[in-house]
Amino acid sequence: MNAADFYRTEPTGSQAYGAPRDDGKRTHTGDDFSHSTKPDTVPVPAILAGRVTAIQRERAGLTNGYGNQVTVTHPDGSRFTYGHLARVSVALGQDLDTGTVVGTEGETGWTSGPCVHVEYLDPQGRRQDPYPHIRAAIARPMTITKPEDDDMNICLYLYTPTNHLLLVDHMNKRIRDLGDSATDPVRDHYSQQPYTRVGDLGNAEKLPDWAEITKGYTYV
Ligand SMILES: [Zn+2]
């Protein structure tokens, strides 16, 4: 399963960030994703490219609750951690791409069933709600018209195959159809690079699946 599919559904209830734990004495510090009731059967893809900067392995009688855990640090200094893994599939110092398998869903540490517990630390090391960062990360493959290093804005203009200009808001999963008479070409706010028309991309590999781009989005 690729990262976009693996993390597509936002965790709810007790699996969500901030859910109460220990009768409200603390809150859940990450998002739990579970795709099977059997441990060590589902590979866990990395959300973002980066380097493995820490690996914790659970040993008998010694756990801080996370069990087997992999930490990946990204170029901006932010980190995703992947806990409760049954198996760790990467090595310390290894460079990963989005989708590289870091291990398998498991129940090491304190968990009520097989899953992966994902936490996000911003570049200053502050823990944040992971899901907005996950959503932005897994949306990135859709952002074919943006420069690679531009993660400043969460909105994106796209031309549909029928030449309609769409404003795609990844954070709120909304799409506004600006019609077929909008200014052309639209330029990136920061780099001033013109956006590419979807229909003009010559490389078939880069042509997006339109149904995939609009899946789960609301037109407003
Ligand atoms: Zn958890």
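In listed order, ligands and their atoms are each counted from 1. Every value quoted in this text rests on a predicted model; they were computed, and no experiment measured them.
Within H117, the N, O or S atom at minimum distance from the Zn ion (ligand 1) carries the name ND1.
Not one N/O/S atom of C115, from backbone or side chain, sits under 2.8 Å from the Zn ion (ligand 1). Residue contacts to the Zn ion (ligand 1): D32 brings an N, O or S atom closer than 2.8 Å. Residue H84 does not count as close to the Zn ion (ligand 1), with no N, O or S atom under 2.8 Å.
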- Query: Going through the checks in order, is the ring-ring contact (aromatic ring centres under 6.0 Å, His included) test met by Y17 and Y131?
  - Reply: CA-CA 8 Å; Y17 179 82; Y131 206 74; over 10 Å; no

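In this structure H74 satisfies the side chain to side chain donor-acceptor pair (under 3.5 Å) test together with S78, sequence neighbours excluded. Applying the side chain to side chain donor-acceptor pair (under 3.5 Å) criterion to T111, with sequence neighbours excluded, gives no partner residue.
Of all heavy-atom pairs spanning A3 and P45, the tightest one is CA-CG, 3.8 Å.
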